[in-house]
Amino acid sequence: MNARSQIFELTVEGRQADEAVASIFHTVLFHRSLGKFTYSDEGSYSVGTVGYADVDCDFIDLTYVCCSSSSLERTIRKEINCFSEQLRGNEGSGMGQISLEFFQKKPSRWLFQPECIPWEVWTVRLELITLNNEGERQVCREKVGELLTDKIIYITEVMNRHEYLPKMPSQSELDLIFETGFPDVQPYLFKLNYSISGPSGGPSVGSTIKKIRETLAL
Amino acid sequence: MKLSNQEKKELDKFTKFLALKCTQIIVQSRLGDKISTHCRSQTTGTDWFNLNISDLPDVLAETKRVLNGEIISSNVPLCVEISLRTSEGDQMVLENWCLSMLAEQCDPTTRIVHTIYNRMGTLLKSLVSITRVVPAYKLSRRQGPDSFVICYRIFLGEPLIQCLGEDFSQVKIGQICTPIGTLNLSVSYRTKMTISPTQTGRQNSIMLKSDHFNAKLSPKNRKHNQNEDKTQSLGNTMKMGAFADMQKKKMESLFIIPNTPFSELFKEKPTAEKAAENMVELKNNENESQEKNGNSTTDNLTTKLNSLTMVSTNDDFIMVDLKTPFASTNEKSELGKFYREWQTAPPLQTFVDEMSPLDELDVTKQLETFESDLNEFDNVVQSLCQSAIN
């Protein structure tokens with residue numbers, strides 16, 4: 001099965017990187033998170049309620065909405081922070097990409113790790129620029145805000161196409177579809193991948209750093 | 001395939017709550033505050049669509065009143081109009097959110113009401129996200145009683161997009177196909193944020209006039225606002241309660257109608273003036289018809305003009321002191337007074353508490369006396385030190 005893929009390209013100042021990525025990923029996760037499932041003895045389940053919170057960006061003229069789950073927020077922030085630190089580090093070319101991948105697992109067979117099948121991938125490609133003065137920063141602050149507004153509107157458009165979503169699982173298979181590690185929300189299983197382009201260019205060059213980490217501790 | 005009664009009933013209920021939650025999300029996003037609601041593992045009665053959207057009682061009541069027990073039908077969409085009102089009373093429509101139902105496009109295959117319920121949840125999440133990124137959000141966060149406030153109006157009917165100025169934008173938030181029709185949620189918003197005089201002038205002059213009468217009886221008000229609002233304010237077609245402290249306008253007292261209408265008529269005119277007027281009448285019989293048309297004699301006009309202090313910077317405007325039929329005839333005529341009240345802006349709150357220059361003078365004087373008495377102060381300190389040593 002081919003996963004749906006969306007790619008956003010942005011040019012930002014170094015300090016805007018975290019917020020730019022977070023605003024996109026949190027908007028996606030807000031749409032891709034459900035309330036916690038509670039199963040009853042008879043096999044039926046009830047779905048909890050998702051709360052939401054407004055987040056004002058410090059370096060971008062933008063307010064976005066995320067699920068009000070501090071543990072989800074921490075997980076995302078940590079990952080984005082690792083990416084942004086490497087992106088802004090001296091070795092890199094100031095270019096890199098990070099993606100939020102939703103996947104489902106095939107039940108594991110004896111001795112084998114369960115197979116992960118991605119069904120939707122959101123990628124943000126960043127190019128860093130250096131600004132010389134506060135005037136330029138102010139312009140950039142507004143410009144990036146406008147660009148992200150367009151991206152957020154696009155995300156909602158995709159969400160309301162009502163394309164493929166994994167089927168609601170039975171209780172025993174809940175972990176194959178949903179991330180159940182958070183106490184307050186239940187997003188679809190996801191992981192964050194990122195890569196930084198080396199100084200000489202393309203991502204296939206030896207200095208590419210790639211890190212894949214599942215948010216689920218396996 | 002026909003819907004069972006039970007399914008139809010459920011769909012209607014979902015659509016009704018979708019409308020109620022939409023208005024809550026839109027209005028709350030324009031309050032000017034950051035919003036944060038909790039996640040809950042157990043859904044409570046008011047948590048529709050698995051989303052924690054708190055209900056403001058005012059907005060809930062207003063939406064229910066507008067819907068009047070109906071669900072959104074194909075002809076009349078539900079609109080939430082967000083507008084800005086400056087402290088000077090200028091008004092500008094910022095955006096119009098519109099939830100409509102197209103009965104022609106229905107999808108009988110989407111049988112499972114559960115799917116529709118989930119899609120409505122997604123649509124509401126998108127609405128939450130989009131309310132934060134359209135231009136009016138930033139304005140609403142900056143609102144205040146001294147600068148401008150954001151108002152809302154909920155109504156059934158076609159959105160008034162012509163109020164949004166040139167080059168307005170439109171965003172389709174989403175649509176849901178159901179067996180009873182396709183639900184559409186969209187927003188049209190203003191992109192040009194300047195208040196031009198042509199936009200406000202004419203409308204305002206009408207509003208001022210209408211304040212002489214009971215606001216509830218004006219036809220303009222009747223069309224849109226049928227609720228029993230007891231508060232008295234200028235042209236209260238907008239509900240303000242939810243957004244900001246209502247700033248009591250001092251000028252209101254000017255427009256309160258006296259208990260007996262036209263009581264001025266029955267007042268005894270000052271006898272001297274009356275006599276003088278009689279004299280004029282006797283002397284200038286040829287001017288009589290002119291007088292009655294409301295034109296004063298030239299002499300009268302010049303003297304009265306002198307007595308009026310004109311605040312207007314508009315040079316080509318000439319204040320003609322008309323003899324208004326029902327106004328008292330004292331020198332500072334009601335019309336002039338009324339006109340001046342509207343010419344001068346009310347004083348800013350900031351300067352009310354500021355010290356007058358007189359007070360500042362006193363302080364400098366005081367400082368001078370302190371400086372001249374410096375020796376005396378030193379002596380006191382020295383004597384205190386000495387007494388301490390002793």
Side-chain angles (χ1 to χ4, degrees), chain A residues 23-24 26-38 45-57 60-72 142 145-163 165 167-168 182-187, chain B residues 25 28-29 31-54 107 110 112 114-135 137-138 140-141 169-177 183-187:
Chain A
S23 66
I24 290 174
H26 274 300
T27 304
V28 172
L29 278 163
F30 178 47
H31 284 83
R32 291 279 179 249
S33 296
L34 304 181
K36 292 287 275 183
F37 284 16
T38 315
Y45 62 90
S46 66
V47 184
T49 302
V50 178
Y52 55 90
D54 291 335
V55 182
D56 289 340
C57 294
I60 305 171
D61 218 1
L62 182 80
T63 301
Y64 65 88
V65 180
C66 69
C67 297
S68 57
S69 160
S70 50
S71 47
L72 174 67
E142 283 166 25
E146 281 167 23
L147 285 172
L148 286 169
T149 294
D150 294 343
K151 310 294 177 215
I152 288 171
I153 290 172
Y154 179 71
I155 292 168
T156 62
E157 196 188 309
V158 172
M159 293 300 175
N160 286 281
R161 284 181 199 157
H162 309 298
E163 290 166 316
L165 284 176
K167 265 204 240 155
M168 287 296 151
F182 300 117
D184 32 23
V185 282
Q186 189 175 291
Chain B
I25 290 172
Q28 286 179 35
S29 71
L31 285 171
D33 303 321
K34 272 171 88 172
I35 289 172
S36 179
T37 59
H38 295 293
C39 293
R40 276 197 280 256
S41 54
Q42 292 293 330
T43 301
T44 66
T46 54
D47 289 346
W48 276 83
F49 309 106
N50 303 111
L51 205 52
N52 188 354
I53 304 157
S54 48
D107 180 8
T110 323
I112 314 151
H114 185 71
T115 312
I116 293 167
Y117 186 82
N118 285 340
R119 287 180 179 182
M120 286 178 170
T122 307
L123 185 66
L124 288 177
K125 283 176 178 173
S126 296
L127 178 62
V128 172
S129 296
I130 289 194
T131 48
R132 273 61 175 179
V133 295
V134 285
Y137 179 77
K138 280 170 198 155
S140 72
R141 291 285 296 270
S169 291
Q170 194 174 37
V171 172
K172 286 202 167 76
I173 297 145
Q175 57 177 42
I176 300 167
C177 293
L183 277 165
N184 261 302
L185 183 59
S186 65
V187 58

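Convention: sequence-line order gives letters A, B, ...; per-chain numbering from 1.
- Every side-chain hydrogen bond (donor to acceptor under 3.5 Å, both in side chains) that A:Asp184 has, sequence neighbours left out, goes to A:Ser69.
- For A:Ser70, no part sits under 4.5 Å from any heavy atom of chain B, backbone or side chain.
- In this structure, CZ in A:Phe37 is found 4.5 Å from CE in A:Met168, a value given to the nearest 0.5 Å.
- For the set B:Asn50, B:Ile130, B:Ile176, B:Val134, the entry with the most heavy-atom pairs within less than 4.5 Å of chain A is B:Asn50.
- Contacts between B:Val128 and chain A at a heavy-atom distance below 4.5 Å involve backbone atoms as well as side-chain atoms.
- Across B:Val133, B:Asn52, B:Thr37, the residue that shares the most heavy-atom pairs under 4.5 angstrom with chain A is B:Thr37.
- For B:Lys138, the part lying near chain A is the side chain, with the backbone staying farther off; criterion is any non-hydrogen pair under 4.5 Å.
- Heavy-atom pairs under 4.5 Å with chain B peak, among A:Val55, A:Asp56, A:Thr27, at A:Asp56.
- The greatest number of non-hydrogen atom pairs below 4.5 Å with chain B, out of A:Val185, A:Asp54, A:Asn160, is found for A:Asp54.
- Using cut-offs of 30° and 60° on the angle between ring planes, the pair B:Tyr117 and B:Trp48 is tilted.
- Taking CG of B:Leu185 as the start and CD1 of B:Ile25 as the end, the distance is 9.0 Å to the nearest 0.5 Å.
- Note: A:His31 leads A:Gln186, A:Lys36, A:His31 in heavy-atom pairs under 4.5 Å with chain B.
- For A:Asp150, no part sits under 4.5 Å from any heavy atom of chain B, backbone or side chain.
- Proximity to chain A is limited to the side chain of B:Tyr137, based on heavy atoms less than 4.5 angstrom apart.
- Interface summary for chain B: among A:Leu62, A:Leu148, A:Thr149, A:Leu34, the most heavy-atom pairs under 4.5 angstrom belong to A:Thr149.
- Residues A:Cys67 and A:Phe30 have side chains in contact (heavy-atom distance under 4.5 Å, counting atoms from C-beta outward).
- With a 4.5 angstrom heavy-atom cutoff, A:Thr38 touches chain B only via side-chain atoms.
- Top candidate by heavy-atom pairs under 4.5 Å with chain A, chosen from B:Leu123, B:Val171, B:Asn118, is B:Leu123.
- Between A:Tyr52 and A:Ser68, the closest heavy-atom pair is N-OG, 3.6 Å.
- How far NE2 of B:His38 is from OG of B:Ser54: 10.5 Å, rounded to the nearest 0.5 Å.
- Residues A:Arg32 and A:Met159 are in side-chain contact: their nearest non-hydrogen atoms beyond the backbone lie under 4.5 Å apart.
- With a 4.5 angstrom heavy-atom cutoff, B:Ile53 touches chain A via backbone and side-chain atoms both.
- When each of A:Ile152, A:Ile155, A:Leu29 is checked for a side chain to side chain contact (heavy atoms under 4.5 Å, CB included) with A:Ile24, only A:Ile155 meets the rule.
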